[in-house]
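One structure is given below, encoded as structure tokens.
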Amino acid sequence: MNITVLIENTAPDGAGLVAEHGLSFWIEAGEQTILLDAGASGRFADNAALLGIDLDRADFAVLSHGHRDHANGLGRFFAANAHAPVYLRSSAPGPLYAKKPEGCVFVGMDRAMYQAHRDRFVPVDGFRQLAESIWLVPKTVADPRFDSREATLLQKQSDETYIPDDFSHEHALVFLQNGELIVFSSCSHGGIVNIIRSVQQQLGGLPVGAVLGGLHMYSPGVNDLNCPPEYVRSVARELKAMGVRRLWTGHCTGPRALALLEDELDGQAHALTTGLQISL
């Protein structure tokens, strides 16, 4: 399996690659080539061109959840690829909001883009196999000790009121390789420990060799955490106890959480960055 990070919050100096608050992976696994998420804009496609990646080669795409920083670049993908379906949870195009100082702000996918390309989207509810040894897996485990500590994300109701987002618009993309599961969980709003347990529950308890994605532990501010440091450490210890051997994380994880994860995981937590290439 070969993985390229097409966009992330950071980018190396001097390579011409651009960064943004978003995430996009290019995944080549066996005979399948997959785009996972498309960042917040078309910049991921510019990076793909610089990296020599032809987006038209994607057999299919997956949207991990309905937030704009993962969905809104899909317009550029559709312009470059006229055939690949995009799998998403049926609730992903919903009224997703965030609590900001100025009020509740829409953070869902671009509505015009979604309506213009509705025929390309394939709604999925629940567990689904996409190809041999590739699955979409929803969260089914809800251990409150490991729930995400994110408190600002909301869903708007038909009566114009807001409730906490239940993240039913999120799923993980999972591969089986050499007897181990490789789990892509782009933002892990449901809590990465709960997500990994859900994956193992639905895929026969197979070991998880690697996890890639954001862990939603970041909040802009003085300490850059949206949770207590001990929560981060407890997540890392639990991942280690579950047998997760390698973690690549970034985007919504944040540098302070990454440092804590690196400390607990004996150097097996690695930073994602635009242009990073990983072979598994």
- Any chance you could lay out the side-chain contact (heavy atoms from CB on, under 4.5 Å) test for Asp266 and Lys240, step after step, and finish with the verdict? CA-CA 10 Å; Asp266 304 322; Lys240 192 174 181 179; 2.5 Å; yes
- Message: Under the criterion side-chain contact (heavy atoms from CB on, under 4.5 Å), I'd like the reasoning laid out for Asn2 against Gln277: C-alpha separation, chi angles, the key distance, then a yes or no.
- Response: CA-CA 7 Å; Asn2 294 308; Gln277 297 182 327; over 6 Å; no
- Apply side-chain contact (heavy atoms from CB on, under 4.5 Å) to Tyr218 and Thr253, showing your working. CA-CA 5 Å; Tyr218 174 77; Thr253 299; 5.9 Å; no
- Message: Evaluate Arg233 against Asp263 for side-chain contact (heavy atoms from CB on, under 4.5 Å), listing each step before the verdict.
- Response: CA-CA 9 Å; Arg233 291 189 178 277; Asp263 184 51; 2.9 Å; yes
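Note on Val62 and Phe77: separate hydrophobic clusters, where clusters join Ile, Leu, Val, Met, Phe, Trp and Tyr whose side-chain heavy atoms are under 4.5 Å apart, directly or indirectly. Hydrophobic clustering places Met242 together with Leu260 (ILVMFWY residues linked when any side-chain heavy atoms are closer than 4.5 Å, directly or through intermediates). Two different hydrophobic clusters hold Trp26 and Phe60 under the rule that ILVMFWY side chains link at heavy-atom gaps under 4.5 Å. Placement of Leu225 and Leu247 within a single hydrophobic cluster is found when ILVMFWY residues are connected by side-chain heavy-atom separations under 4.5 Å, directly or transitively. Residues Leu55 and Leu63 are members of one and the same hydrophobic cluster, defined by side-chain heavy-atom contacts under 4.5 angstrom among Ile, Leu, Val, Met, Phe, Trp and Tyr.
Residues Trp135 and Gln202 form no side-chain contact, since every pair of their non-hydrogen atoms from C-beta on lies 4.5 Å or further apart. Taking the side chain as every heavy atom from C-beta outward, Asn81 and Arg120 approach each other to under 4.5 Å. Put simply, the side chain of Ile7 reaches to within 4.5 Å of the side chain of Glu20, judged on heavy atoms. At least one side-chain heavy atom of Glu28 sits less than 4.5 Å from a side-chain heavy atom of Arg57. Proximity of Glu264 to Leu239: side-chain heavy atoms (C-beta onward) are nowhere separated by under 4.5 Å. Using a 4.5 Å heavy-atom cutoff, the side chains of Leu130 and Leu173 are in contact. Residues Ile192 and Ile196 have side chains in contact (heavy-atom distance under 4.5 Å, counting atoms from C-beta outward). With contacts defined as side-chain heavy-atom distances shorter than 4.5 Å, the pair Phe78/Val86 qualifies.
The six-membered or imidazole ring of His65 lies away from that of His171, with a centre-to-centre distance of 6.0 Å or more.
Between His67 and His169, the two ring planes are perpendicular [angle over 60°; tilted spans 30° to 60°]. Using cut-offs of 30° and 60° for the angle between ring planes, the His251 and His21 rings count as tilted.
The CZ atom of Arg43 sits 13.5 Å away from the OG atom of Ser24 when rounded to the nearest 0.5 Å. Within the model, atoms CD of Gln155 and CG of Asp165 stand 4.0 Å from one another, a figure rounded to the nearest 0.5 Å. Summarising the geometry, atom SG belonging to Cys227 is positioned 9.0 Å from atom CZ belonging to Arg256; distances are rounded to the nearest 0.5 Å. Ile195 contributes atom CD1, which lies 13.0 Å from atom CZ of Phe146 (distance to the nearest 0.5 angstrom). Note that CE of Met1 is 9.5 Å distant from CG of Asn178, once rounded to the nearest 0.5 Å. Going from atom CZ of Arg149 over to atom OH of Tyr231 covers 5.0 Å, rounded to the nearest 0.5 Å.
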With a cut-off of 3.5 Å and sequence neighbours excluded, list every side-chain donor-acceptor pair involving residues 96-111.
from, atom 1, to, atom 2, distance (Å)
Asp110, OD1, Ala112, N, 3.1
Asp110, OD1, Met113, N, 2.6
Arg111, NH1, Pro93, O, 2.2

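Salt bridge annotation for Glu180-Arg245: present, with a cationic side-chain nitrogen under 4.0 angstrom from a carboxylate oxygen.
With Leu6 as the partner, the side chain to side chain contact (heavy atoms under 4.5 Å, CB included) test is satisfied by one option alone out of Ile53, Thr274, Leu17, Asp37: Ile53.
Within 6.0 Å of CD on Gln115 lie more than 12 heavy atoms contributed by other residues, nucleotides or ligands. The 12-atom threshold is exceeded at CD of Glu230, counting heavy atoms of other residues, nucleotides or ligands nearer than 6.0 Å. No more than 12 heavy atoms of other residues, nucleotides or ligands lie within 6.0 Å of CG in Asp13, so this atom counts as exposed by the packing criterion.
Trp248 meets the ring pair (Phe, Tyr, Trp, His ring centres under 6.0 Å) test with His270; sequence neighbours excluded.
The closest side-chain donor-acceptor pair between Thr152 and Glu150 falls under 3.5 angstrom.
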